[in-house]
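Because only heavy atoms are used, hydrogens play no part in the values below, and waters and symmetry mates are left out as well, while side chains stay in.
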Amino acid sequence: MASAGLQFFAFILALFGIFGDITATLLPNWKVNADVGSNIITAITQMQGLWMDCTWYSTGTFSCTLKYSILSLPVYIQAARTTMVLSCILSAFGICITTVGMKCTKLGGDTDSKNHTCFAGGVCFILSGIFGLVPTSWYTREIISNFLDATIPESSKHEPGGAIYIGFISAGFLLIAGVIFCTSCFKKQQGPWIYSTKQQHFPSTQQENNAGYNLKDYV
């Protein structure tokens, strides 16, 4: 029951992870630039994401421009697009697989089959967390390096946006969920192996006792 409860907790973490992963992928605020001029009417907030760039004016207007050209984008944005989409796909596969392999469900067949299925789902979550952690780290590194570059004007510098923080948290949730699912399967498989090893010594001991008893009969 404790293992089933732990798997259910990991499943909830994975759900939060996949929702955060999708949200971070779609949000346009991976990096934010707040440039406030002398006149508050001209104050704007520029946000850049993986798929679109948005500008919010202090007057309340909001406009976004989609990034249609893939080849014109920097390498780190292209890599972030690919890895984040892969992270979403792998986490969705992990949700489907672990639903079958969890101990609290009646799907997946016998215990051994459910353990193998659950382990496969945990691997999907771990890979999904890694794919989500790589682009957020790389994107953050590019933002910080440009921010510290003295040759770049202040108006062109950006700070990490909310989407990056959501991506980091979601990747952590997916990694924790994957580790819990994998370790819970390993713990289940250790018991029968130890028991069968102990069981193999009983016949040899019993044969020795029978041999000694037969020897005494002959004397």
Side-chain angles (χ1 to χ4, degrees), residues 12-95 124-179:
I12 297 299
L13 286 180
L15 286 178
F16 281 115
I18 186 175
F19 288 146
D21 222 7
I22 296 173
T23 303
T25 304
L26 298 177
L27 280 178
N29 58 338
W30 278 65
K31 56 182 179 181
V32 180
N33 177 23
D35 184 15
V36 180
S38 58
N39 188 0
I40 194 171
I41 298 179
T42 62
I44 60 175
T45 299
Q46 295 177 346
M47 298 177 292
Q48 296 184 17
L50 301 181
W51 312 98
M52 65 180 69
D53 297 336
C54 296
T55 303
W56 181 81
Y57 299 90
S58 60
T59 56
T61 58
F62 190 84
S63 62
C64 292
T65 304
L66 293 176
K67 297 178 179 179
Y68 292 104
S69 178
I70 298 176
L71 298 178
S72 63
L73 297 175
V75 178
Y76 69 96
I77 295 182
Q78 297 181 20
R81 280 185 173 186
T82 305
T83 50
M84 288 301 292
V85 170
L86 286 175
S87 178
C88 294
I89 294 173
L90 284 172
S91 57
F93 280 147
I95 290 292
C124 287
F125 286 141
I126 292 175
L127 292 177
S128 175
I130 293 173
F131 279 131
L133 193 62
V134 168
T136 50
S137 302
W138 191 359
Y139 209 101
T140 304
R141 177 185 173 278
E142 292 293 331
I143 293 174
I144 294 175
S145 62
N146 291 335
F147 188 85
L148 298 177
D149 192 354
T151 60
I152 298 177
E154 293 293 331
S155 59
S156 300
K157 293 183 178 181
H158 298 81
E159 296 180 357
I164 289 184
Y165 299 111
I166 296 175
F168 274 119
I169 297 172
S170 302
F173 283 163
L174 291 170
L175 287 173
I176 294 172
V179 170

Between Tyr57 and Ser63, is a side chain to side chain contact (heavy atoms under 4.5 Å, CB included) present by the stated rule, with each step listed? CA-CA 9 Å; Tyr57 299 90; Ser63 62; 4.2 Å; yes
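- From Ile22, atom CD1 reaches atom CE of Met84 across 9.5 Å, with rounding to the nearest 0.5 Å.
- Judged purely by atom type and a 3.5 angstrom limit, Asn146 uses its side chain to pair as donor or acceptor with the backbone of Glu142.
- Each of Tyr165, Trp30, Phe168 was checked for a ring-ring contact (aromatic ring centres under 6.0 Å, His included) with Tyr139, and the lone residue meeting it is Trp30.
- Between Phe173 and Leu13, the shortest heavy-atom contact is CB-O, 3.6 Å.
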Audit row: Phe125, Ile95, side chain to side chain contact (heavy atoms under 4.5 Å, CB included) steps and yes/no: CA-CA 8 Å; Phe125 286 141; Ile95 290 292; 3.8 Å; yes
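- One finds the CG atom of Asp21 at 10.0 Å from the CG atom of Leu26 (value rounded to the nearest 0.5 Å).
- Shown here for Ser91 and Ile18, the closest heavy-atom pair between the two residues is OG-CG1, 3.3 Å.
- Once rounded to the nearest 0.5 Å, the distance linking NZ of Lys67 with CD1 of Ile77 reads 4.0 Å.
- Atoms OG1 and CG, on Thr55 and Asn33 in that order, are 9.5 Å from each other to the nearest 0.5 Å.
- Side-chain atoms of Thr136 come within 3.5 Å of backbone atoms of Leu133 as a donor-acceptor pair (strictly under, hydrogens ignored).
- Expressed to the nearest 0.5 Å, how far OG1 of Thr82 lies from CD1 of Ile70 amounts to 8.5 Å.
- Checking side-chain atoms of Lys157 against main-chain N and O of Phe147 turns up a donor-acceptor pair under 3.5 Å.
- For CD of Glu159, the number of neighbouring non-hydrogen atoms (other residues, nucleotides, ligands) closer than 6.0 Å is 12 at most.
- Closest approach of Val32 to Gly161, counting heavy atoms only: CG2-CA, 3.9 Å.
- Going from atom NE2 of His158 over to atom CD1 of Ile143 covers 8.5 Å, rounded to the nearest 0.5 Å.
- Closest of all the heavy-atom pairs between Gly129 and Ala171 is O-CB, 3.5 Å.
- Across Leu27 and Ile166, no two heavy atoms sit closer than the pair CD1-CD1, 3.8 Å.
- When the shell of 6.0 Å around CZ of Phe62 is examined, it contains more than 12 heavy atoms from other residues, nucleotides or ligands.
- A donor-acceptor distance shorter than 3.5 angstrom exists from the side chain of Trp51 to the backbone of Thr25, with no hydrogens or angles considered.
- Of all the heavy atoms in Leu174 and Ala14, the pair that sits closest is CD2-O, 3.9 Å.
- No more than 12 heavy atoms of other residues, nucleotides or ligands sit less than 6.0 Å from atom CZ of Phe19.
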